[in-house]
There are 2 protein chains.
Amino acid sequence: MASKRDLILQAAVGMIAQSGVRGLRVEEIAAKAGASTGLIYYHFKDRAGLLRATLDYISDRADRYTAQALATAKGAAASGPGGAGASGPADRDARSELEQTLLLELQDTDEIRENSTAWGELRASAIFETDLRERLEGATAAWVAEMAERVALAQEAGQAREGVEPEDVAERLTALVEGLSERWLSGTLGLERARDLLRGAIVAELGPGAR
Amino acid sequence: MASKRDLILQAAVGMIAQSGVRGLRVEEIAAKAGASTGLIYYHFKDRAGLLRATLDYISDRADRYTAQALATAKGAAASGPGGAGASGPADRDARSELEQTLLLELQDTDEIRENSTAWGELRASAIFETDLRERLEGATAAWVAEMAERVALAQEAGQAREGVEPEDVAERLTALVEGLSERWLSGTLGLERARDLLRGAIVAELGPGAR
DNA sequence: GTCTATAGTGAGATAGAC
DNA sequence: GTCTATCTCACTATAGAC
């Protein structure tokens, strides 16, 4: 079963997603987690410590659902309707994996919306709180690297235009996802349109792809 | 001379850029503006009102420097080194105007850094504060529309690939600028790299262009 | 590890004079 | 329009029992 420490972190993510870092009340989190404020200070030392731990928690959760989505995508590619036996092994379609993974951040699931919002909040906070930066930087770099890998794979498989650095493409696409995500979350942009725009960017960056 | 009201708004932008919306202390702004807290409440009713007014102030300022930069760019294109008589009237180079305008946001000038930071902050805040949304939405839409216009002009002039919606391209490029800007400001990404990535995106979106 | 109770304070907001 | 003085209270953080 989830420890109280975990419950507190979950509650923290939820609260951040709901009212932002600035709106984060230690007492409120305690209530939501069914714990006391004392316990929060016991585990995390102070409010900033709680924030740090929450950021780590969010990265982990994002890693988990990314991995899971990729596994599902591979599964679907291999056994989905019309997919069976289409063209070989599961990793054949690096490009659609790339697309799926990026689109993942633009989805109206509770967990993902929560994660994205909290992530954006913490990213914004990191501009002013130096101790959040390292963590942020690490997580972003890992994400970019992973996407760069997919781009490179797609190029090898002839699903993407040659002559562009996978690193560059990956950095642009992930930054775009963040930009679109923030517009979506702030109500400036509809979800479907955001997703379409992202798909369009992938086409612009990688070319039309094998059709 | 600048009214106290104006001084307060200027101070607010500065403070937001320095320590974020979250770090915004009414008293601190008063001190920086050489005014009293009472006056702030007199002019803006409450903290949220101050924020709203500040957002408006930032949009105006951004409009102003964009217009100015465009004028300068046109001037430079017409009279710059080697530019004289190169190929006709000032508006000939919609594409480089587009590029210049977008790159404008990624510049280490005090005013621009301040504006970008404050803008990002307010955008992030708008996720939780509904009354900021309208203003944000309006300003963003105007920016996108203006960029879309440039894209369309570039297409007509044969400086950009046909067959893509100017609106889509503009929305992607501006969202990318926001994403890159936030990474830059949060120290995740170097300024020069951010600028290079943006230039790369323009090439990806518009094609190599006339060379 | 967990809770209750409470201390301490920072910052938003108001009243009223000039 | 502008200032000084002050009120108020919501939140962080700690102390100490279980």
Side-chain angles (χ1 to χ4, degrees), chain A residues 1-57 117-118 121-122 124-132, chain B residues 1-57 118 121-122 124-132 135:
Chain A
M1 192 191 46
S3 68
K4 281 234 159 158
R5 190 176 183 283
D6 250 49
L7 289 176
I8 291 169
L9 287 171
Q10 280 166 29
V13 181
M15 292 304 314
I16 290 177
Q18 211 172 92
S19 38
V21 168
R22 183 173 207 272
L24 194 84
R25 310 273 165 252
V26 176
E27 205 176 344
E28 215 170 345
I29 291 176
K32 196 175 170 187
S36 64
T37 64
L39 189 59
I40 290 180
Y41 288 95
Y42 170 77
H43 278 303
F44 305 103
K45 177 165 167 62
D46 58 13
R47 191 178 180 279
L50 173 59
L51 245 42
R52 277 192 296 276
T54 306
L55 178 52
D56 288 345
Y57 185 81
T117 310
E121 269 290 294
L122 289 163
S125 306
I127 295 181
F128 311 103
E129 277 157 84
T130 333
D131 56 334
L132 288 177
Chain B
M1 192 191 46
S3 66
K4 281 232 157 161
R5 189 175 183 281
D6 250 47
L7 289 176
I8 292 169
L9 287 171
Q10 280 166 30
V13 182
M15 292 304 314
I16 291 176
Q18 210 173 93
S19 37
V21 168
R22 297 162 192 80
L24 193 82
R25 311 272 167 256
V26 176
E27 205 176 344
E28 216 170 342
I29 290 176
K32 196 175 170 187
S36 65
T37 64
L39 190 60
I40 291 181
Y41 287 96
Y42 170 77
H43 278 304
F44 307 103
K45 178 163 166 65
D46 59 11
R47 191 179 180 278
L50 175 58
L51 246 43
R52 276 192 297 274
T54 306
L55 179 51
D56 289 345
Y57 185 81
E121 270 291 293
L122 288 164
S125 306
I127 297 180
F128 310 104
E129 276 156 83
T130 334
D131 55 336
L132 289 179
R135 290 174 158 74

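Proteins get letters first, then strands, A, B, ... in listed order; numbering begins at 1 in each.
- Between B:L9 and B:D56, every side-chain heavy-atom pair lies at or beyond the 4.5 Å cut-off.
- B:F128 approaches A:A17 most closely through the heavy-atom pair CE2-O, 3.2 Å.
- Whole-Å rounding puts the A:Y42 OH to D:dT14 C1' distance at 15 Å.
- Of the candidate nucleotides D:dT12, C:dG1, C:dG12, C:dG12 has the atom lying nearest to any side-chain atom of B:R25.
- Note on B:G49: nothing from the nucleic acid sits closer than 4.0 angstrom, heavy atoms only.
- Each of D:dT12, D:dC3, C:dA13 was ranked by its minimum atom distance to the side chain of B:R47; first place goes to C:dA13.
- Residue A:T54 holds its OG1 atom at 6.5 Å from CD1 of A:I29, rounded to the nearest 0.5 Å.
- Residue contacts shown for A:L24 are limited to sugar-phosphate atoms, with no base heavy atom under 4.0 Å away.
- For the pair B:L122 and B:R135, the minimum side-chain heavy-atom distance is 4.5 Å or more.
- Atoms CD1 (B:I8) and P (D:dT2) sit 7 Å apart, rounded to a whole Å.
- Comparing C:dA13, C:dT2, D:dT14 by their closest approach to the side chain of B:T37 singles out C:dA13.
- Taking the charged nitrogens against the carboxylate oxygens, B:R22 and A:E121 do have a contact shorter than 4.0 Å, which makes a salt bridge.
- Distances shorter than 4.0 Å separate some side-chain N or O of A:Y41 from OP1 or OP2 on D:dA13.
- The B:S36 side chain lies nearest to D:dT2 when the options are D:dT2, D:dA13, D:dT12.
- Contact annotation: B:K4 reaches the phosphate of D:dC3 (side-chain N/O to OP1 or OP2, under 4.0 Å).
- The A:V26 side chain lies nearest to D:dT12 when the options are C:dT14, C:dG1, D:dT12.
- As rounded to whole Å, 16 Å separates atom C1' of D:dT12 from atom CZ of A:F44.
- Here the P atom of nucleotide D:dA13 and the CD1 atom of A:I40 are 11 Å apart, to the nearest Å.
- Across all strands, A:G34 comes closer than 4.0 Å only to sugar-phosphate atoms, never to a base (heavy-atom distances).
- Comparing A:L39 and A:R22 by the nucleotide of DNA chain C whose heavy atom lies nearest to each, the residue mapping closer to the 5' end is A:L39.
- Taking atom CG on A:L51 and atom P on D:dC11, their separation rounds to 16 Å, with Å as the unit.
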